[in-house]
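Written out below as structure tokens is the structure these notes cover.
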Amino acid sequence: MPEQKQTYDLLIVGGGINGVGIARDAAGRGLSVALCEKDDLAQGTSSRSGKLIHGGLRYLEYYEFRLVREALIEREVLLKSAPHIIWPLRFVLPHSPTDRPAWLIRLGLFLYDHLGGRETLPGTRAINLQEDPVGLPIRQQYKKAFEYSDCWVDDARLVVVNAVAAKELGAEIFTRTQCTSAYRKGQHWVAELDDNATGRRKTIHARAIVNAAGPWVNDVVNSVMKQNATRSVRLVKGSHIVTKKFWKGDHAYLVQNQDKRVIFINPYLDGLALIGTTDVAFDGEAETVEADEAEISYLIAAVNRYFEPELSRADVLHHFSGVRPLLDDDADNPSAVTRDYLFEMDGEHNQPPLLSVYGGKITTFRKLAEHALEKLVPSFPDAGPSWTQSSTLPGGDIRGGSFDEFVKILETDFPFLPPSLLNHYGRLYGARSETILNGAKKIGDLGHQFSEHLFEAEIRYLVDHEWARSAEDIVERRTKHFLTLTEKQRADFEAWFSANFAKEAVH
């Protein structure tokens, strides 16, 4: 087959949250955009986070006031843009007299409440753990606590809905497609993109390239562009464990550990708890990262310091790990490495630019994308202005004004479906859940059923609209069905998917 040749304003390398955020922003400004990702969307760090949109309370200790302020402002911007996959979460922080003093925590929470111009989320309050129900699972020696607000996010879905938005604005998204070489030729970059599934090669031209490859950012500079990276990335492994939820209520906990780190203990899906994270220096291959037993024991010990009855290794149902590509600021402690971001621009005024993204965190992806486009504006004088701050992400335009009201509308429109199934669709797809359910008059219209909440209609939607090319794409990233499927159910689903979507899996 002959090589395909196309020309774009912008080629983005990397399909994590920063890459898709930049693609969406750029496409909305009128630029022609191509994005390539060597694996699946969000297959790396962006699906292995703590799943929080937060200011980063502990970053105040490192005087990261600008970063915290930006993140706190973004917290409310994102909450409004995607209320189906982002929602408020109250955190209970038990106070340990042997760790940070109470006055320091009060000061930090006061700043946290006021740095970002908080509008909708409730502020901090002090709690008597002996009297408040949130203290029931906490050990008796802890008498007081503080409660504050942040937000939960389905991280992998945040990546996908940004990619969907970019596509609907004209961007082309190439998953399982690796940029194997790129070089400057006149006023363009010439890039070769290899489709990992088919072996086909595209040769495209771009007026600029954004390197948003996360942990592989320097690999792209050194190996793909054949240049010498001038910045260093500090790879830090963060691991989480999943257990059954061991407290009542919708709130989360944040506990201090004796090494001054903090551990989040969050409600996860239906009846589970997500506990993390660790901060461990990492020098291996990011593709093969996984939690080790020392990290699992560390997280269990941090929980058991505050809660009873104690967790054991047998209580860990699942664990995962991701590599954070942090900007190397020479900090000795991995926990102290900045979560801020920086851009490295390469190219003289008459050369097509290469913009490499270093660092960042999921909360600030939208602002990072705005700043990236500001750097590129001189190359694209006809690009439109910034626009994403007041926009809604796909699925976020829910009816009823709130998520709960939206689910009630779905229950009225589809009374034959179980409320838990409608809640599942609403949480993952928001207003777009109506596309999955379109025309259904009875539950059988959703097609083959693999488990309580996994039906053929959802699978076909993910293949048709969200680049799902494997059973794993569906059950581990687009959804979290893998946490509830039995071994037989998963095997049956994988066999069915292979039989029905073999052709789609390589296109």
[Y] ring center within less than 6.0 Å of [X] ring center:
{"X": "His481", "Y": "Phe493", "result": "no"}
{"X": "Tyr358", "Y": "Phe343", "result": "no"}
{"X": "Phe65", "Y": "Tyr59", "result": "no"}
{"X": "Tyr142", "Y": "Tyr306", "result": "yes"}

Under a plain distance cut-off of 3.5 Å, with no hydrogens placed, do [Y] and [X] share a side-chain donor-acceptor pair?
{"X": "Glu295", "Y": "Thr278", "answer": "yes"}
{"X": "Arg48", "Y": "Ser239", "answer": "no"}
{"X": "Tyr429", "Y": "Glu434", "answer": "no"}
{"X": "Ser420", "Y": "His453", "answer": "yes"}
{"X": "Thr230", "Y": "Glu344", "answer": "yes"}
{"X": "Glu370", "Y": "Trp387", "answer": "no"}
{"X": "Thr177", "Y": "Glu37", "answer": "no"}

Determine whether Asp25 and Lys367 satisfy the following criterion, salt bridge (charged side-chain N to carboxylate O under 4.0 Å, His left out), listing intermediate values before the conclusion. CA-CA 10 Å; Asp25 192 325; Lys367 200 65 180 176; over 6 Å; no
Testing the basics here: between [X] and [Y], what is the closest heavy-atom pair and its distance to 0.1 Å?
{"X": "Asp397", "Y": "Thr392", "value": "N-CG2, 3.4 Å"}
{"X": "Gly430", "Y": "Ser433", "value": "O-OG, 2.6 Å"}
{"X": "Pro94", "Y": "Leu129", "value": "CB-CD1, 4.2 Å"}
{"X": "Arg427", "Y": "Ile85", "value": "O-CG2, 3.3 Å"}
{"X": "Ser47", "Y": "Ala42", "value": "OG-O, 2.6 Å"}
{"X": "Ala302", "Y": "Asn257", "value": "CB-ND2, 3.7 Å"}

Do [X] and [Y] make a side-chain contact, defined as non-hydrogen atoms from C-beta onward lying under 4.5 Å apart?
{"X": "Leu299", "Y": "Thr277", "value": "no"}
{"X": "Phe320", "Y": "Ile241", "value": "no"}
{"X": "Thr479", "Y": "Leu462", "value": "yes"}
{"X": "Ile105", "Y": "His95", "value": "yes"}
{"X": "Asp250", "Y": "Pro267", "value": "no"}
{"X": "Trp216", "Y": "Glu287", "value": "yes"}
{"X": "Leu376", "Y": "Val210", "value": "yes"}
{"X": "Tyr148", "Y": "Tyr112", "value": "yes"}

Pairs in or reaching into residues 101-113: which pass salt bridge (charged side-chain N to carboxylate O under 4.0 Å, His left out), with residues at least two apart or in two chains?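 Residue pairs with at least one partner in residues 101-113: Asp113-Arg118.
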Does [atom1] in [X] sit with more than 12 non-hydrogen atoms of other residues, nucleotides or ligands closer than 6.0 Å?
{"X": "Asn304", "atom1": "CG", "answer": "yes"}
{"X": "Lys244", "atom1": "NZ", "answer": "no"}
{"X": "Gln141", "atom1": "CD", "answer": "yes"}
{"X": "Lys245", "atom1": "NZ", "answer": "yes"}
{"X": "Glu290", "atom1": "CD", "answer": "no"}

Treating [X] as the side-chain partner and [Y] as the backbone partner, does any N or O pair qualify as donor plus acceptor under 3.5 Å?
{"X": "Ser402", "Y": "Glu405", "answer": "yes"}
{"X": "Asn196", "Y": "Lys38", "answer": "yes"}
{"X": "Lys248", "Y": "Pro133", "answer": "no"}
{"X": "Asn18", "Y": "Ala212", "answer": "no"}
{"X": "Arg75", "Y": "Gly116", "answer": "no"}
{"X": "Ser223", "Y": "Val220", "answer": "no"}
{"X": "Asn222", "Y": "Asn218", "answer": "yes"}
{"X": "Glu147", "Y": "Ile127", "answer": "no"}
{"X": "Asp99", "Y": "Ser96", "answer": "no"}
{"X": "Thr364", "Y": "Ala71", "answer": "no"}

Step by step, would you call Arg261 with Asp279 a salt bridge (charged side-chain N to carboxylate O under 4.0 Å, His left out)? CA-CA 9 Å; Arg261 294 205 68 258; Asp279 268 326; 2.9 Å; yes
Are [X] and [Y] close enough for a salt bridge, meaning some N to O gap below 4.0 Å?
{"X": "Lys480", "Y": "Glu476", "result": "no"}
{"X": "Glu293", "Y": "Arg313", "result": "yes"}
{"X": "Asp40", "Y": "Arg469", "result": "no"}
{"X": "Glu131", "Y": "Lys144", "result": "no"}

From OG1 (Thr124) to NE2 (His114), nearest 0.5 Å: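 If I round to the nearest 0.5 Å, the distance is 9.0 Å.
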Please work out whether the ring planes of His251 and Tyr253 are parallel, tilted or perpendicular, with thresholds of 30° and 60°. perpendicular
Hey, what's the ring geometry for Phe307 with Trp247, parallel, tilted or perpendicular (30° and 60° as the breaks)? tilted
Salt bridge (charged side-chain N to carboxylate O under 4.0 Å, His left out) between Asp340 and Lys361, worked out: CA-CA 7 Å; Asp340 212 341; Lys361 59 198 293 281; over 6 Å; no
Pairs under 3.5 angstrom only: tabulate donor-acceptor contacts from the side chains of residues 151-160 to other protein residues two or more places apart or in another chain.
{"unit_1": "Asp154", "atom_1": "OD1", "unit_2": "Arg157", "atom_2": "N", "d": "3.3"}
{"unit_1": "Asp155", "atom_1": "OD1", "unit_2": "Lys51", "atom_2": "NZ", "d": "3.1"}
{"unit_1": "Asp155", "atom_1": "OD2", "unit_2": "Ser49", "atom_2": "N", "d": "3.2"}
{"unit_1": "Asp155", "atom_1": "OD2", "unit_2": "Ser49", "atom_2": "OG", "d": "2.8"}
{"unit_1": "Asp155", "atom_1": "OD2", "unit_2": "Lys51", "atom_2": "NZ", "d": "3.0"}
{"unit_1": "Arg157", "atom_1": "NE", "unit_2": "Leu428", "atom_2": "O", "d": "2.6"}
{"unit_1": "Arg157", "atom_1": "NH1", "unit_2": "Glu466", "atom_2": "OE1", "d": "3.2"}
{"unit_1": "Arg157", "atom_1": "NH1", "unit_2": "Arg478", "atom_2": "O", "d": "3.0"}
{"unit_1": "Arg157", "atom_1": "NH2", "unit_2": "Glu466", "atom_2": "OE1", "d": "3.2"}
{"unit_1": "Arg157", "atom_1": "NH2", "unit_2": "Glu466", "atom_2": "OE2", "d": "2.6"}

Between Leu41 and the options Val164, Ile173, Asn162, Asp473, the side-chain contact (heavy atoms from CB on, under 4.5 Å) test singles out Ile173
Working note: Arg432 + Glu168, criterion salt bridge (charged side-chain N to carboxylate O under 4.0 Å, His left out); need CA distance, chi angles, decisive distance, verdict. CA-CA 14 Å; Arg432 307 254 168 138; Glu168 292 177 353; 2.6 Å; yes
